[in-house]
Amino acid sequence: MVSEHTNTHIIILAAGKGSRMKSTIPKVMHKLAGEPLLSHVLRASAAIPRAIKTVVVGEGKDYITSYFEKSPLAEDISFVTQAEQLGTAHAVKLATADFAEDSKVLVLYGDVPLIDPVTINKMLDLLVSCALVVLTKEVFEPFGYGRILRDFHGNIEAIVEQKDATPDQENIREINTGVMAVRGSKLDRWLSKIENNNAQGEYYLTDLVSLARQDDDEIRSVSPHSLEETEGVNNRLQLARLERHHQLKLAEKLLLAGTSLADPSRFDQRGELIAGIDTFVDVNCVFEGSVELGSGVYIGPNCCIKDTRIADRAIVLANSVIDQSSIGPGAVVGPFARLRAGTDLAENSKVGNFVETKKTTVGKSSKISHLSYVGDAQLGENVNIGAGTITCNYDGDKKHVTEVEDGVFIGSNSTLVAPLHLSKGAFVAAGSTITKTVGDDELGIGRAKQRNISGWTSPAKKVKDD
Ligand code: UD1
Ligand code: MG
């Protein structure tokens with residue numbers, strides 16, 4: 001259930017350089033499951049209806065803002081610039097507005113991509129009865145994180161950063177994940193009191209805890225719903241580990257819903273994937289954008305499938321690359337087929353090995369079995385395109401269409417020069433270059449006549465005789 005949180009402000013911190021990524025692009029723009037880290041955080045915040053969202057950017061801000069200019073995810077986002085990274089409290093201060101008395105402020109990190117809306121909602125719910133909620137967790141290796149200090153009664157007293165921690169405090173295993181929810185009415189006053197007299201000379205947002213404590217305001221903590229959701233990304237090793245972890249979760253979801261994966265650790269989903277039952281996906285397949293697989297579908301190894309619908313019982317054999325296409329029930333594709341944007345295969349049709357198609361419809365039970373290029377073409381039902389046939393769809397200026405009616409047979413190694421129309425039942429002789437319409441049930445031959453010359457001497461034979 002989605003909680004109703006009116007007057008909620010979400011501030012996403014993304015101004016840091018991320019120097020440990022050793023990259024020319026800002027850290028939050030590195031991709032997890034095919035999308036920038038920041039997109040994942042924006043999607044989680046989109047689950048809070050009507051929240052006012054601000055992203056604090058600094059390093060690489062132009063790169064970030066120009067990417068999100070076109071993204072529907074950032075439609076209701078404002079960006080503010082933190083020119084100098086003076087600390088997390090300084091960044092939050094730049095994003096604060098005139099908060100209403102009953103407003104709630106949630107701080108998220110742009111480099112903690114898998115935060116779960118369930119957790120966010122839980123934190124916002126708790127703000128009804130306290131002034132500050134901190135997302136904490138117990139870890140085996142707390143090094144680098146802010147540690148949670150609790151008093152004798154178990155109440156949170158303060159957060160101490162790694163660089164400011166005493167040896168005793170370093171042993172604490174409960175850490176600050178960074179995600180916080182705070183009552184808007186308190187935030188402004190507390191932020192103005194935060195100083196930078198610490199080991200890093202930064203304004204720490206974590207100082208909100210001791211300030212709330214000084215005001216006798218209650219502080220509550222929440223634990224993450226799942227372990228991966230508070231994992232931050234600081235270097236490429238952490239990013240790669242988080243990617244695998246996330247992919248395994250996606251794979252588990254599919255497996256439990258009735259789709260078989262030959263190896264869940266060799267599976268990549270970069271977007272939305274819906275699959276029916278008894279569908280099988282072999283190793284090393286990459287699914288991008290929005291992909292829908294029906295039931296009883298077979299996907300062979302090493303296939304890349306993007307923004308495509310594949311109907312029930314269709315078979316995609318190894319090493320096929322499919323983009324923005326639709327594959328009908330029982331159709332067979334590959335191995336080594338390339339279906340480019342606008343390919344639409346009807347029921348029981350076939351596109352075989354080393355065939356490339358583009359903006360082409362292939363009718364019911366029609367076949368392009370081997371070594372062809374078919375672009376800007378409309379093929380009817382029961383058409384057979386012989387091996388080595390190509391459509392010449394481009395004249396250097398415009399693209400032209402090839403229309404092939406039902407039951408046409410194209411012999412091997414034919415060149416179909418578009419615009420071209422081949423009528424019902426037409427037959428094209430192998431090796432033809434066809435430039436003119438072939439009528440109903442006509443035979444089209446467009447090739448040089450064979451001549452046999454007897455009594456000739458081959459050059460090789462001549463040399464021998466000399
Ligand atoms: C912070 C927390 C620490 C917590 C850890 C969890 C503070 C003082 N410390 O430490 O308690 O355990 O996260 O990962 O908050 N950022 C800005 N502007 C700045 C500084 C940072 O936008 O001036 C952004 C960064 O881009 C990043 C986030 O804030 O997204 C956290 O900053 P970072 O420097 O990584 O903080 P940590 O030292 O990891
Ligand atoms: Mg960090």
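Counting begins at 1 with the first residue of the sequence. Order of listing sets the numbers, starting from 1, for every ligand and every atom in it.
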Flag for Ser129-Glu218: side-chain donor and acceptor within less than 3.5 Å: no
Aromatic plane relationship, Phe336 with Phe354 - under 30° parallel, 30 to 60° tilted, over 60° perpendicular: parallel
Close side-chain approach of Gln85 and Lys17, heavy atoms under 4.5 Å: no
For Gly146, the ligand 1 atoms whose distance to one of its heavy atoms is below 4.0 Å: 3 (C), 4 (C), 11 (O), 12 (O)
Heavy atom of Thr177, distance to ligand 1 below 4.0 Å: yes
Atom indices of ligand 1 within 4.0 angstrom of Tyr204 heavy atoms, with elements: 8 (C)
Region of Gln82 that comes within reach of ligand 1 [heavy atoms, distance under 4.0 Å]: side chain
Contact check, His90 vs ligand 1, heavy-atom distance below 4.0 Å: no
Residue portion contacting ligand 1 (non-hydrogen atoms closer than 4.0 Å) for Ala91: side chain
Residues in salt bridge (charged side-chain N to carboxylate O under 4.0 Å, His left out) contact with Arg241, at least two apart in sequence or another chain: none
Ring geometry between Phe99 and His9 (parallel below 30°, tilted from 30 to 60°, perpendicular above 60°): perpendicular
Part of Val28 with heavy atoms under 4.0 Å of ligand 1, whether side chain, backbone, both or neither: neither
Ile175 to ligand 1, any heavy atom closer than 4.0 Å: no
Closest to atom 26 (O) of ligand 1 (judged by heavy-atom distance), picking from Gly16, Pro142, Gly144: Gly16
Proximity of Asn176 to ligand 1 by residue part, where a heavy atom lies under 4.0 Å: both
Reference residue Gln82; test side chain to side chain contact (heavy atoms under 4.5 Å, CB included); the match among Val57, Leu13, Val56: Val56
N or O pair under 3.5 Å between Glu84 and ligand 1: no
Contact check: Gly87 vs ligand 1, nitrogen or oxygen atoms, below 3.5 angstrom: yes
Test: Lys398 and Asp376 ion pair at under 4.0 Å: no
Side-chain heavy atoms of Asp215 within contact of Arg189, under 4.5 Å: yes
Atom indices of ligand 1, in the order listed, that fall short of 4.0 Å to a heavy atom of Glu161: 2 (C), 3 (C), 7 (C), 8 (C), 9 (N), 10 (O), 11 (O)
Enumerated ligand 1 atoms positioned under 4.0 Å from heavy atoms of Leu86: 23 (O)
Atoms in ligand 1 flagged as close to Leu13, the criterion being non-hydrogen separation under 4.0 Å: 22 (O), 24 (C), 29 (O), 30 (O)
Between Asn198 and Asp164: side-chain donor-acceptor atoms closer than 3.5 Å: no
Contact summary for Leu37 and Asp111, nearest pair of heavy atoms: CD1-CA, 4.5 Å
For Ala14, atoms of ligand 1 separated by under 4.0 Å from a heavy atom: 22 (O), 26 (O)
